[in-house]
Every structure is written in structure tokens, then in C-alpha cells.
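Only one structure is covered here, and it is reproduced in the block below.
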2 protein chains.
Amino acid sequence: MPRYVAIKQSICDAVRDGRLNPGDRVPSEAELVQQFDVSRMTANRALRELQAAGVVVRRAGSGSFIAEPKPIGQMIEIRNIAEEIRERGHAYRARVIQNREERANVETAPLLEVSVGTKLFHSIIVHHEAEFPIQIEERFVLASIAPDYGTLDFTRMTPNEYLTRIAPLERVEHRVCSTMPDERMRGMLGLSDGEPVLQMTRRTWSRSRLVSHAWLTHPGTRFELSAAFSIDD
Amino acid sequence: MPRYVAIKQSICDAVRDGRLNPGDRVPSEAELVQQFDVSRMTANRALRELQAAGVVVRRAGSGSFIAEPKPIGQMIEIRNIAEEIRERGHAYRARVIQNREERANVETAPLLEVSVGTKLFHSIIVHHEAEFPIQIEERFVLASIAPDYGTLDFTRMTPNEYLTRIAPLERVEHRVCSTMPDERMRGMLGLSDGEPVLQMTRRTWSRSRLVSHAWLTHPGTRFELSAAFSIDD
DNA sequence: GTTCATAAGTCGTCTATACAACTTCGCCGA
DNA sequence: TCGGCGAAGTTGTATAGACGACTTATGAAC
């Protein structure tokens, strides 16, 4: 294995293990030169590529630091819905329908790819934008990765915000489809008859495991999902 | 400007101008050393970063070449719907409803951010998966970028396929929402009453211009949009 | 105490060189 | 004609050294 890759992996491993957290200082190029007995150019390449990957941020004269939770993926923004709403200048409010610990059954176990009986949390939250329900979030979380998930107050911090804080995001998968809501959904979202919903299934991986499965349901007429991608020089 | 950036830009410019096309050979590191009077490490960095950006592919022993149209964006796959259907093992068929040249009017001009009167093509195509309509594609294309768009046979090559061939994709923007179809849509997609659709608005840029605006409408129950993103070491 | 100059630490870039691995192609011999 | 060998070209990686720009802390001068 190339030596610059070994350096990158050692730092990525430290992030995955929690030995390095967002904001923490990463060894400087000079220190890596000593630790790994490489030339400075090799240490430089390792850190430079980690910066390109968004793992660290570097400031000339200051040092290299683990990047904040996630500048987000490249496209579909994994942003905090609370922030998003506040940026639009509206009040944000959350109503927690439920948040309890469960054992995975034959229906829920496949969602997180675990065996039946595994402990997990099951939360349902309705997010409001200025009194109007804008998203229903039904989420399953691996209990082992977030043991105190059941005690959190999601009116103060969204599950997304909490999870990106305690578990470094490694991979995200989205599926989007358009359906008609069932009666319960319709009630929670305050929809009139015949209004469709946009349903997004979001799965997130951390520390090499699938840790969360969420259904995010929006009123089709009150929500747009936006994504952009561009190449640069 | 750093010298490796100057090299990258010169190559990116050549791609944008059409002087370099997919598959074309890019000057080797040794040639760049002579052309730009830099050290090989500097030329190497320029080409290496272009490879990371997906602009070129490099093969040890062989050379560096402009990458194929697009390995796709990073997430939402800009894939050929025909390929996608065939990969699922079904027959693909397209029905061209219209394909004509128009002048931009007050409604269509803003879509491509051009002034009223600009020549553009307006095509409507229904894509079928094994007899079932799976997508309606209504698209506006800047005529100046694709002068022969009006003469193409879209039952043999999709607009997407054609456009990515003649114009290097620089930026893509997606917006997704869920709505109820109007009567005409419902007919074309063969939907029963009360079935919602997933409507995606896709805008693509090439050579620094917005060149295409497309509405892609899918039956909500017969389509899923999928996207994934992951960081690697 | 405040302000300013200086020094140390750090990253950003660039050079010159070296060796290894791989690809391609031509040449030579069987 | 076919096969194999080797040379030339190309990329991948690594080293040692250099200079510049920026940040931070230290300490001196006011």
C-alpha cells in the first residue's frame, strides 16, 4: 500500500473510532514526517487529499483539523430541516409523536439489516413550518450506536442533528417516490383529499454500519427537493 | 495563480471549447513539462487532480485521456433511461409526441434564461418500459448548441444521450416534487384516478451556458429515484 | 495595560531526481 | 508467420530541499 494512503487511513480510522472528532487538531505535516518516517511531500499529499474529500480542513499558518460534522454530501443536502425553515424566515416547531425503544421484528429488522430482537429506537416526529406541518419523520436507529437516543428532546435538536454529531456520516442513500398518504398521514400533515406526498427514504451509514433508516414524508405541494452538481477546474 | 492550476484550466478550457473530446489523448506529463516549463511533479499534480475530478482517466504505461461523457454525476444518476430499463431486462420503446423548433415566448424564455425570440427546440417524448409508459419527457433545448436537434430520431437515441455526446456536461440541477397530473398527463401515462406523479425538473449547463430544461414526469407508483453518496479513504 | 515587532510553526507551492510498474511497439529469431 | 524479447514512453510513488505566505505566541517598547 502506498505510504500516503496508509497515512490517510490512519487518520480516517481515528475519526471512525472517535479518537478524533470534528474540530480536533490533526498532526501537522512535520509531525507526520516523524511518525511515519516519510518525506514532507508524502505527508502533504495525504492531508491534501483528505481535505479534498472533506475529512479535514487546513489553514496555512494554523494547522489541519477534522472537518465539521459534514459540509454535507455533494448533492442532496443532508441539512437540518430546522435550519432550512429558519433560513426561510419562518418559525420552526417539532411535535414528538413517539420515541421509544423496541426490539426489531420481522418487519423492522430488514430496514436496518439486523437480526430480529436487536434493540433499536423508533421515533415519529412532525416538523412544522410556521404552524403548518411540513415533514413527518419516522426513524429507526440502531440502539447500540446511540444509547441515549430515547431520552433526547427532539423539540430542541433534530434526530439528524444529533446523529451527525455522535456518529461520523460515511454514506447516505436516498430513494424518492410519490404516493398517496394513508389516513393517518393525511391527518398529521393536514392534507386535503387527493393531495399526494413526496416520500423520501434515507438510510445512513456510520462506522461501517447501517445505523439509521428514516421515512421523510412531505406534502407534495408544499415541498421541493433540490440538488445540484457541477464540476470545477 | 499556481502553475498546476493554470495547467488544469488550459485542459478544461480545451474540453469546453471542443478542442479535446472524450477519448482524446491529453499531453503526457513529459509534454506538459516542456509546454509549461514546469517540473514533472507539477504536471503530475495537475493531471492527478483532473483525474480525481473525473475529467481525465489515466493509465500507467499508456497515457491520459479525456474521460467518457460522464461517469455520471456523483449522486443522482444522469443515466440513460433506455439503458436503465434494459438493465432491468425489459423492452424499451419511445414515442415522440412532438419535436419542433420554436421561438422563446414569455413563458418559455425564462426556463432557459434567454430573451424572447431565441430559437429553441421543444420536444415531448413518452418512454415506455415493456408497453407501460414510465416517463414523459418535455424538454427545451437551446438551438444554438444543438442545431440538428430537430432532425433527430429519438426512438433510437434519447435526447439525454445526444446532448451528453455533443455538449460536455458541466452542471446539473434537479428539483423534485410530487403533484397530481393534469388530464393530458394522465392519459399519456395511463394513470388511474387519484394516482400522483413524481415530477423532476432537470436543468443542465454546458460550455458555461444553460442549454437544456426538462420536465421528467413519472407515475409515482411505478418509479423510484435513487441516490447515494459515500466518502472513501 | 496596550501596541507593535519578531520568531516559530504551519501550510502552499515548486523543483530536481529517482526508481518501479505498466503499456505499446518494433525488431529479431525460430 | 508467429512468438518473444526488449526498448521507449507513460504513469505511480517517494525523497530532499527550497521559498513564500499566513497564523499564533512571545516578548519588548511605549
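Note that these values count all heavy atoms, side chains included, but never hydrogens, waters or copies made by symmetry. Chain letters run A, B, ... following the sequence lines, proteins first and then strands; every chain starts at 1.
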Rounding to an integer number of Å, can you tell me how far A/Leu50 CG sits from C/dG12 P? 12 Å

Euclidean distance, A/Phe65 CZ relative to A/Arg58 CZ, rounded to 0.5 Å: 10.5 Å

With sequence neighbours left out, what residues match B/Val126 under side chain to side chain contact (heavy atoms under 4.5 Å, CB included)? B/Arg95, B/Ile97, B/His128, B/Pro133, B/Ile136, B/Met188

Aromatic centroids of B/Tyr149 and B/Phe140 separated by under 6.0 Å: no

Outer limits of DNA chain D sitting under 4.0 Å from a non-hydrogen atom of chain A, read 5' to 3', are D/dT13 to D/dT23

The ring pair (Phe, Tyr, Trp, His ring centres under 6.0 Å) partners of B/Phe36 (sequence neighbours excluded) come to none

Write down the protein N/O and nucleotide N/O pairs, taken from nucleotides 21-26 of chain C, whose separation is under 3.5 Å; answer none if there are no such pairs.
residue: C/dT23; atom: O4'; partner: B/Gly61; partner atom: O; Å: 3.4

Assuming nearest nucleotide by heavy-atom distance, tell me which of B/Tyr4 and A/Val26 is located more 5' along DNA chain C. A/Val26

Using a 4.0 Å cut-off on heavy atoms, which residues in residues 27-46 of chain B reach DNA chain C? List them by number, or say none. B/Asp37, B/Val38, B/Ser39, B/Arg40, B/Met41, B/Thr42, B/Arg45

In this structure, how many angstroms lie between the C1' atom of C/dC11 and the CZ atom of A/Arg25, rounded? 11 Å

With sequence neighbours left out, what residues match A/Val114 under side chain to side chain contact (heavy atoms under 4.5 Å, CB included)? A/Ala104, A/Ala109, A/Leu112, A/Thr118, A/Leu142

Heavy-atom closest contact (B/Pro159 atom, B/Arg139 atom, distance): CB-NE, 3.6 Å

Matching residue for A/Glu29 among A/Arg48, A/Arg40, A/Arg45 - test: salt bridge (charged side-chain N to carboxylate O under 4.0 Å, His left out): A/Arg40

